[in-house]
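Taking it in order: structure first as structure tokens, then the write-up.
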Amino acid sequence: MKNVMLPRYTIGVHALDEFEQVCLAYGKKIALIYGEKAYNASKDIIFERLGSLEIVQTMCYGQEATYENVTKIVDNENIKVADVLIGIGGGKCLDTVKLAADQLNKPVITIATIASTCAAVTRISIMYHDDGSFYNIAHLKCAPIHCFIPTSVIANAPIKYLWAGIGDTMAKHVESTFSAKNDVLDYTSELGITIGKMCFEPVIQHGLQALIDANKHEVSDDLEEIIQNILISTGSVSLLVNPDYNSALAHALFYGLTVREHIEKNHLHGEVVSYGTLVQLMMDQQMDLLKKAYHFHKKIGLPVCLADLELCVQDPLNDVLEMTEKNQELKHVPYPVTQDKIRKAMEDLERYTG
């Protein structure tokens, strides 16, 4: 038996008008768990729409998606009596809240205040150590029951998150098709990988204008298109495909790079993943896609070389490559992805000009 989940979401300037109605389907008592900046940006809108809902706890999730922060939520006595947990923020906040809700066997509703990853709709949580280095991926029993996407909040968020989200989104198509290359696909995996096409060409088509509009804090058709591709198209792929197809080298290299302290401090997830996308395309010699992605990266300022991540080609990167090679995202790929192959692709990319 297969239990298929797809994202249920409400998007728009007035998306939160339905907040009370959606929550009441699961109960009146809610706990708001948030990132500090996200809460400050959205709390007025949320409080105006509480209606008959009762807040039993408000709580900042912390600063990092760690098991320690999950435990703090799970052990909170007020949260234990909540009917539904409300996660408010970006990926690390939402992944923390999702895992806590999973352990408490409670439903979770997400409010996406930035568009940087698909965490608001997926049934996995990416977990880290306190120092920001990658720890593991927790697989959850359920995805969020609803995602609210208030576009006016996202349009007023720092532009860097949307920019990084574009990079993360393009990786989904490249990685899923690579991981599934030699397999006979079942219906849901084929559907997911087909949806994944929305994560590449439409992003190139609408991405630049969306960034221009968001920089002016304008909610436009291009911005809504990109937000939905970042959150919903990518999230749908994650929910539909065999878990083996969810990622490949682009994300494995990101997790490997987190062993370098400055990566987590100075660079965003999707920004680093976007570099890994180019490395993977180079390694697999998908030169048509590489050319498209490379020129788009150059156009909007996503990284195209090691220097863009404060690294240099003379650095042997042994620690990074070792962590990348053994990362779980490379367990199911069409051929062995070795440290030597990754290193050669990175060196080839240094010389590439499109």
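For reference, positions follow the sequence shown, starting with 1.
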Check: Would you say Asn242's side chain and Tyr245's backbone share a donor-acceptor pair under 3.5 angstrom?
Finding: no

Notebook entry, point to check: Counting only heavy atoms not in Tyr187, do more than 12 sit closer than 6.0 Å to its OH atom?
Noted result: no

Item checked: Between Asp131 and Ser133, a side-chain donor and acceptor under 3.5 Å -> yes

Check: How far apart are the C-alpha atoms of Asp83 and Lys106, what are their side-chain angles, what is the distance that settles it, and do they pass the salt bridge (Lys or Arg N to Asp or Glu O under 4.0 Å) test?
Finding: CA-CA 7 Å; Asp83 297 311; Lys106 293 182 182 293; over 6 Å; no

Check: If you measure from CG on Asp17 to CD1 on Ile45, what distance do you get to the nearest 0.5 Å?
Finding: 9.5 Å

Next item on the list: Answer yes or no: does atom NZ of Lys265 have more than 12 heavy-atom neighbours from other residues, nucleotides or ligands under 6.0 Å?
Entry: no

Check: Is it true that Arg343 and Glu347 make a salt bridge, defined as a side-chain N closer than 4.0 Å to a carboxylate O?
Finding: yes

Check: Are Lys92 and Tyr128 in a cation-pi contact, defined as NZ or CZ under 6.0 Å from the six-membered ring centre and within 45° of the axis?
Finding: yes

Note to self: Angle between ring planes, Phe254 versus His269, binned at 30° and 60°: parallel, tilted or perpendicular?
What the structure shows: perpendicular

Next item on the list: If the plane angle is over 60° it's perpendicular, under 30° parallel, otherwise tilted; pick one for Tyr39 and Tyr34.
Entry: parallel

Checklist line | CA sep, side-chain torsions, deciding dist, call: Gln286, Asp284, side chain to side chain donor-acceptor pair (under 3.5 Å) | finding: CA-CA 6 Å; Gln286 295 185 56; Asp284 201 46; 2.8 Å; yes

Check: Less than 4.0 Å between a side-chain N and a carboxylate O, is that true for Asp288 and Lys291?
Finding: no

Checklist line | Heavy-atom side-chain proximity of Leu311 to Val320 below 4.5 angstrom | finding: no

Next item on the list: Could you tell me whether the side chain of Glu175 and the main chain of Ala250 form a donor-acceptor pair under 3.5 Å?
Entry: yes

Notebook entry, point to check: Any donor and acceptor pair, going by atom type alone, linking the side chain of Lys172 with main-chain N or O of Asn246 inside 3.5 Å?
Noted result: yes

Note to self: Within a 6.0 Å radius of atom CG on Asp221, are there more than 12 heavy atoms belonging to other residues, nucleotides or ligands?
What the structure shows: no

Check: When you check the gap from the basic side-chain N to the acidic O, do Lys292 and Glu201 get nearer than 4.0 Å?
Finding: yes

Next item on the list: Decide, yes or no, whether a salt bridge links Lys80 with Glu77 under the criterion of side-chain N to carboxylate O below 4.0 Å.
Entry: yes

Item checked: ILVMFWY cluster, Ile114 and Tyr9 together (side-chain gap under 4.5 Å) -> no

Notebook entry, point to check: How about Glu218: does its CD atom have over 12 heavy atoms from other parts shown lying under 6.0 Å from it?
Noted result: yes

Check: Are Tyr135 and Tyr255 close enough that their ring centers fall under 6.0 Å?
Finding: no

Checklist line | Salt bridge flag under 4.0 Å for residues Lys98 and Asp102 | finding: no

